[in-house]
Trainee: 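The structure that follows is given in the form of structure tokens.
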Amino acid sequence: MSDSLFQHPALFAVDPEMAAAIEAEEKRQEEHLELIASENHCPAAVLDAMGSVLTDKYAEGYPGNRHYAGCECVDVVERIAIARVKKLFNAEHANVQPHSGSQANMAVYNAVLQSGSRILSMAFAHGGHLTHGHSRNFSGQLYEVVSYGVNENGLIDYSKVHELACQHNPALIVAGASAYSRIIDFEAFRAIADEVGAYLMADIAHIAGLVAAGLHPSPVPHADFVTSTTHKTLRGPRGAFVLCRQEHAARLDSAVMPGIQGGPMMHVIAAKAVAFGLAMQPEFRAYQEHIVANARAMAREFQEKGLPVVSGGTDTHMFLLDLSETGYNGQQACDLLAEANITANRNAIPNDPRRPGEASGIRIGTPALTSRGLGQEEVRAVARHIVTILRSDDPVETARRIKPQVLDLCRQFPVRH
Ligand code: DSN
């Protein structure tokens with residue numbers, strides 16, 4: 001058996017090759033600083049629920065109305081998950097079955113749109129998600145998409161959203177993004193949707209933890225539908241859910257199952273419930289506050305060292321670093337940081353002249369660093385390492401020289417305490 005920190009004796013006994021691959025990832029997570037804004041390190045309790053016998057059970061349908069026998073225990077599991085997420089977000093109705101954020105969004109679209117319906121959503125190039133109408137995604141192929149973006153200050157231009165809505169009369173407006181660091185004014189989106197008679201869907205996949213903790217205004221009072229993943233700031237298992245007003249409950253549930261999914265993943269639903277329960281604890285709010293404080297501290301450090309941050313800062317867990325003046329594109333920068341065991345992802349900046357495969361920015365998020373306990377002093381040091389690498393005459397050599405300091409930080413703040 002390997003000398004990894006975490007052993008999987010049962011798996012090792014039957015499949016040492018796979019045990020080694022999993023242990024290699026455990027080691028990678030321990031020895032790398034994770035800056036990908038959409039990733040996190042979930043608690044062991046969440047992993048326990050996911051690795052449980054619930055994976056064996058088929059349960060097509062909903063609690064109390066299944067297409068399979070033997071669902072009395074998984075009914076309890078799903079009812080707990082639904083009750084917790086409704087309470088956490090003060091929602092009228094919840095569906096906890098979507099396997100992913102993409103499927104959550106697809107379910108909402110299927111619930112209220114027809115093929116060819118018009119949606120108004122944030123442009124992918126300005127921070128929107130693939131499922132908000134990208135031309136290579138089902139959303140851009142099935143629906144007519146009108147896009148809004150950010151202004152020259154990197155902020156959503158609500159007057160432009162209003163103008164586009166009045167001009168195009170969308171059936172659905174999507175509020176939410178994968179790479180936007182500022183507060184989203186869901187109330188303003190509601191007013192615009194009401195004026196043109198559109199549904200409003202808020203995709204809070206990135207900011208769900210902040211919303212749950214009350215650090216970002218909630219879309220629940222304003223949106224017809226709220227979709228989210230469970231594994232980003234919310235720190236649960238990989239998965240998703242949808243919240244909606246009671247009036248939309250039946251068509252949402254039917255759009256999820258049988259609309260686009262069959263059997264729900266009951267082990268993942270149990271793990272979602274564990275995460276929802278943890279998000280109700282006072283420590284969770286403190287954790288979310290630390291995430292935002294760390295993101296602000298890092299963004300300030302970059303700005304002080306002369307690297308621009310899109311929109312001039314952050315209100316959330318993430319921000320976009322504009323690398324235009326460094327001479328590197330986003331991919332080159334990520335490759336250099338990888339030499340120092342720092343993991344980030346390239347990201348387009350608004351009006352990016354480079355193609356998406358290169359991009360002019362990197363997206364930086366603090367949920368994972370905060371989960372392993374790094375505070376403002378440490379994340380500022382990480383920002384300084386990044387600047388030192390990107391400003392060096394010999395960046396590969398510099399990154400390799402910095403790597404032992406990164407490994408020291410990793411040892412000081414283990415992922416699995
Ligand atoms: N892929 C996720 C992200 O990185 O933001 C969104 O689904």
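Both counts, for ligands and for their atoms, begin at 1 and track the order of listing.
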Trainee: In chain order, what residues pass the side-chain hydrogen bond (donor to acceptor under 3.5 Å, both in side chains) check against Glu25, with sequence neighbours excluded?
Mentor: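 If we apply the side-chain hydrogen bond (donor to acceptor under 3.5 Å, both in side chains) test to Glu25, skipping adjacent residues, the hits are Arg28, Gln29.
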Trainee: Please verify the inter-ring angle class for Phe241 with Phe89; under 30° counts as parallel, over 60° as perpendicular, anything in between as tilted.
Mentor: tilted
Trainee: Any idea which residues sit under 4.0 Å from ligand 1, heavy-atom distances?
Mentor: Ser38, His129, Ser178, His206, Lys232, Arg363
Trainee: Just by modelled atom types, is the Arg380 backbone N or O under 3.5 Å from a matching donor or acceptor in the Arg300 side chain?
Mentor: no
Trainee: First locate atom CG of Leu142, then atom CD of Gln114, and finally report the distance between them rounded to the nearest 0.5 Å.
Mentor: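 Here the interatomic distance stands at 11.5 Å.
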Trainee: Is Arg190 salt-bridged to Asp224, going by a charged N under 4.0 Å from an acidic O?
Mentor: yes
Trainee: Under 4.0 Å between a side-chain nitrogen and a carboxylate oxygen: does that hold for Arg66 and Glu78?
Mentor: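 So Arg66 pairs with Glu78 through a salt bridge.
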